[in-house]
Amino acid sequence: MRNDKLSIQSIMVLSKDVTLEGWSGIFITHDSYKSYGVNVYLEGKINAVNDTSGGTGIGIYVNGNIKDEDASPIVNIMDGAEIKSTGN
């Protein structure tokens, strides 16, 4: 039986005119069921830079504890998207 909490859907569309800059452009973490059913469409740009303590930036982060196969996060990197980072 499927857990209803896993069917939650969040959709994020980052159009070609959007630039995200910070330590991580997209950050999907494991917090109970809140990270399941996430769909991201990246058409724009990510510029992941070092944090204030010097830790290298991560373009896209998805926590490894997210294990459900039916509702795991999906990150669609569309044609024309750009990802730059000082780290991974």
Side-chain angles (χ1 to χ4, degrees):
M1 176 187 263
R2 185 179 167 100
N3 185 334
D4 287 337
K5 291 182 180 179
L6 297 181
S7 63
I8 297 168
Q9 293 290 310
S10 297
I11 299 173
M12 180 178 188
V13 178
L14 301 162
S15 70
K16 63 182 176 127
D17 298 322
V18 172
T19 299
L20 300 176
E21 183 171 285
W23 178 77
S24 179
I26 298 171
F27 189 94
I28 303 170
T29 192
H30 180 65
D31 182 13
S32 189
Y33 291 102
K34 295 175 186 168
S35 54
Y36 291 98
V38 171
N39 288 284
V40 176
Y41 294 86
L42 174 64
E43 296 174 347
K45 298 176 177 80
I46 291 175
N47 186 27
V49 298
N50 292 359
D51 65 16
T52 57
S53 65
T56 57
I58 297 172
I60 298 173
Y61 173 89
V62 179
N63 187 290
N65 289 323
I66 301 170
K67 305 238 185 257
D68 185 83
E69 293 179 15
D70 293 327
S72 60
I74 299 171
V75 178
N76 300 281
I77 301 171
M78 312 305 283
D79 287 340
E82 294 180 26
I83 303 170
K84 296 179 184 177
S85 70
T86 57
N88 297 332

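Nothing here was measured: the structure is a model prediction, and the numbers come from that model.
Checked against side chain to side chain donor-acceptor pair (under 3.5 Å), Thr56 has no partners two or more places apart in sequence or in another chain. Legend: residues meeting side chain to side chain donor-acceptor pair (under 3.5 Å) with Ser15, ordered by chain and number and at least two apart, are absent. Residues satisfying the side chain to side chain donor-acceptor pair (under 3.5 Å) criterion with Tyr61, sequence neighbours excluded, are Asn63.
In the hydrophobic cluster analysis, where Ile, Leu, Val, Met, Phe, Trp and Tyr join through side-chain heavy atoms closer than 4.5 angstrom, Val75 is grouped together with Ile83. In terms of hydrophobic clustering, with Ile, Leu, Val, Met, Phe, Trp and Tyr side chains grouped at heavy-atom distances under 4.5 Å, Val49 and Ile26 are assigned to different clusters. Cluster membership for Val38 and Val13, using ILVMFWY side-chain heavy atoms within less than 4.5 angstrom, is not shared. At a threshold of 4.5 Å between side-chain heavy atoms, the hydrophobic network of Ile, Leu, Val, Met, Phe, Trp and Tyr places Val18 and Ile60 in one connected group. Cluster membership check: Leu42 shares its hydrophobic cluster with Met12, using side-chain heavy-atom separations under 4.5 Å among Ile, Leu, Val, Met, Phe, Trp and Tyr.
The CD1 atom of Ile58 lies 11.5 Å from the CD1 atom of Ile46; values are rounded to the nearest 0.5 Å. Of the inter-residue distances, the one linking Ile28 atom CD1 with Ile66 atom CD1 reads 6.5 Å to the nearest 0.5 angstrom.
Listed by first and then second residue, the side-chain hydrogen bond (donor to acceptor under 3.5 Å, both in side chains) pairs involving residues 39-49 are Gln9-Asn39, Glu21-Asn47 (not counting sequence neighbours). Among pairs with a residue in residues 66-88, none fulfils ring-ring contact (aromatic ring centres under 6.0 Å, His included), at least two apart in sequence or across chains. The ring-ring contact (aromatic ring centres under 6.0 Å, His included) analysis of residues 67-88, with sequence neighbours excluded, yields no pairs.
Considering all non-hydrogen atoms of both residues, Gly57 and Ala48 come closest at C-CB, 3.9 Å.
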